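Beneath this line is the structure, given in structure tokens, with notes to follow.
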Amino acid sequence: MTESAWMRWPSREALGREGISKPRRLLAWVVRALVLGMLLWGVFNSSHLHGWGAVGAGAGLLVTALVSWAFFRTTLAHRLWPSLTVVTVLLGVAVAAQAAGLRVPALVIWCGCGVAALERLPLAAALPVTSVALASYSAVDNDEWLTTAATVMGIALAGYVLRLDAEARGNAQRLLAQERAARAAEAESAALAERARIAREIHDVLAHSLSAQMVHLEAARLLIEGGADRDKILERVVAARGMAREGLAETRQALSALRGEMSPLEDYLGELVATANGADVTVSGDRRLLPAEASQAVRRVAQEALTNVRKHAPGAKVHIRLEYTEHQVTLDVRDSGGSPGELTGSGAGYGLLGMRERAELLGGSLDAGPGEEGFVVTLKVPV
């Protein structure tokens with residue numbers, strides 16, 4: 001046993017009452033009542049105590065109770081010298097009781113001090129206190145020496161067993177507190193992750209919707225500056241309004257997806273290409289339900305890729321290929337290329353960057369660059 005173990009206090013969880021079951025609390029109160037009964041019996045059964053002597057004995061019992069309570073409080077606070085002072089007072093009370101002819105109360109106090117010291121003090125302080133208490137008990141006890149020795153050993157063993165039991169209960173309480181703290185931290189982390197996920201979804205939806213609206217509004221501005229017909233300008237404005245409506249619908253869809261209420265990915269891509277001229281989609285591999293975040297990533301990349309085609313290569317044909325493999329899903333969007341549109345310079349270029357960050361968060365990748373004819377966007381997400 002190391003020096004630190006000799007000087008280490010029992011934990012506050014071990015010295016406190018938390019975690020003690022109701023039956024054990026009831027047993028503890030029964031033991032206290034039994035000890036108090038023995039003290040009262042020893043005091044008031046003494047034939048030589050009359051009048052003021054009986055009053056003094058009663059006052060001594062009250063002092064013993066108060067000092068015992070003080071010992072429990074000081075040990076709970078891990079205050080060594082006050083605890084030693086209090087237990088010394090208790091030993092002195094026992095000596096006074098023996099001197100007054102109250103042999104039974106003295107024996108009970110000595111035994112209680114021996115057990116309580118082993119249970120609640122550091123071992124370096126508990127062993128001397130217990131030794132003094134049990135030596136006093138042995139000197140006064142008039143039983144056979146073998147009986148006295150067995151009693152002393154039993155008292156010491158009981159005190160140490162109570163100490164080990166209290167430490168085990170304290171360890172269980174600390175583990176329970178740590179588990180509760182870990183669960184709370186895990187719940188908080190999950191809540192923060194869910195908030196970040198929702199914020200990312202709403203950001204991507206709004207970024208796509210607003211980017212598409214900017215395409216049409218920028219086109220309307222250029223038409224106005226070029227003195228185009230009112231009908232052409234109105235067509236762009238109506239298209240921008242339609243994109244705003246689609247953005248609201250996509251926001252609702254994103255929130256539904258976060259709740260697990262999303263349409264199959266293949267159906268979504270089919271609806272997406274139905275609104276784009278010259279676009280088609282093919283699906284290969286064994287179709288299966290994807291996790292919500294993976295499915296949302298595929299949807300957002302497909303949206304962003306089509307928006308970029310409208311912006312940078314209007315009129316180009318677009319082919320979307322969705323491939324399921326054993327461990328991942330791959331989305332490939334490629335266009336046939338074409339003349340740069342009048343809105344090629346619009347936008348900040350953050351769309352695909354945000355999609356790449358989303359893919360990397362899921363452990364996947366996104367590649368975007370020129371292909372044989374036009375532009376190719378390839379998303380790979382593990383599932």
Side-chain angles (χ1 to χ4, degrees), residues 186 189-190 192-209 211 250-251 253-276 278-310 312-313 316-337 349-383:
E186 183 179 355
S189 177
L192 291 175
E194 185 65 13
R195 291 173 188 171
R197 179 186 172 194
I198 293 173
R200 188 167 59 249
E201 292 296 336
I202 300 303
H203 168 270
D204 290 343
V205 169
L206 293 178
H208 166 75
S209 174
S211 177
E250 289 173 4
T251 301
Q253 184 181 23
L255 293 176
S256 298
L258 292 172
R259 301 187 189 103
E261 305 168 357
M262 62 174 68
S263 60
L265 183 56
E266 299 81 9
D267 296 346
Y268 175 81
L269 293 178
E271 295 173 359
L272 188 64
V273 299
T275 60
D280 63 87
V281 59
T282 59
V283 181
S284 61
D286 296 331
R287 303 183 184 186
R288 59 183 181 275
L289 184 64
L290 300 179
E293 292 190 354
S295 178
Q296 284 295 94
V298 174
R299 295 165 194 251
R300 295 293 167 257
V301 170
Q303 283 182 336
E304 185 65 30
L306 286 179
T307 299
N308 287 340
V309 171
R310 296 192 194 103
H312 301 290
K317 294 185 179 299
V318 182
H319 178 67
I320 299 177
R321 180 175 61 87
L322 181 66
E323 179 183 4
Y324 291 96
T325 57
E326 184 178 359
H327 299 295
Q328 72 177 17
V329 59
T330 302
L331 176 72
D332 185 86
V333 183
R334 58 183 67 226
D335 61 73
S336 60
Y350 294 133
L352 288 177
L353 178 60
M355 294 299 101
R356 181 175 288 110
E357 293 175 352
R358 174 193 283 266
E360 291 173 352
L361 286 174
L362 297 176
S365 63
L366 186 139
D367 297 320
E372 295 180 359
E373 296 180 346
F375 200 78
V376 180
V377 177
T378 302
L379 169 70
K380 295 181 179 180
V381 179
V383 294

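Predicted model only: the values in this text are computed from it and were never measured.
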task: Using the side chain to side chain contact (heavy atoms under 4.5 Å, CB included) rule, take V333 and I320 through it: C-alpha gap first, then chi angles, then the decisive distance, then the call.
output: CA-CA 5 Å; V333 183; I320 299 177; 4.1 Å; yes
query: Do L265 and R299 come within less than 4.5 Å of each other through their side chains, counting heavy atoms only?
result: yes
query: With side chains defined as the heavy atoms from C-beta onward, is the minimum distance between L272 and Q303 less than 4.5 Å?
result: yes
message: I'd like to know whether CG of D286 has more than 12 heavy-atom contacts from other residues, nucleotides or ligands below 6.0 angstrom.
response: no
query: Does R334 come within less than 4.0 Å of D332, counting only side-chain N to carboxylate O?
result: yes
statement: The residue among L366, D367, V301, L361 that forms side-chain contact (heavy atoms from CB on, under 4.5 Å) with R356 is L366
- prompt: Does any N or O in the side chain of S336 come within less than 3.5 Å of the main-chain N or O of K317, such that one atom is a donor and the other an acceptor?
  reply: yes
query: Are V329 and L290 side-chain neighbours, meaning at least one heavy-atom pair lies under 4.5 Å?
result: yes
- prompt: To the nearest 0.5 Å, what is the distance between NZ (K380) and OG (S365)?
  reply: 6.0 Å
Exercise: identify the closest heavy-atom pair between R288 and Q328: NH2-O, 4.1 Å
statement: Separation between CG (L362) and CD (E357), nearest 0.5 Å, reads 12.0 Å
query: With side chains defined as the heavy atoms from C-beta onward, is the minimum distance between P382 and H327 less than 4.5 Å?
result: no
task: Side-chain contact test, heavy atoms from C-beta onward, threshold under 4.5 Å: evaluate it for T378 versus T330 and give yes or no.
output: yes
- request: Side-chain contact test, heavy atoms from C-beta onward, threshold under 4.5 Å: evaluate it for T282 versus L322 and give yes or no.
  value: no
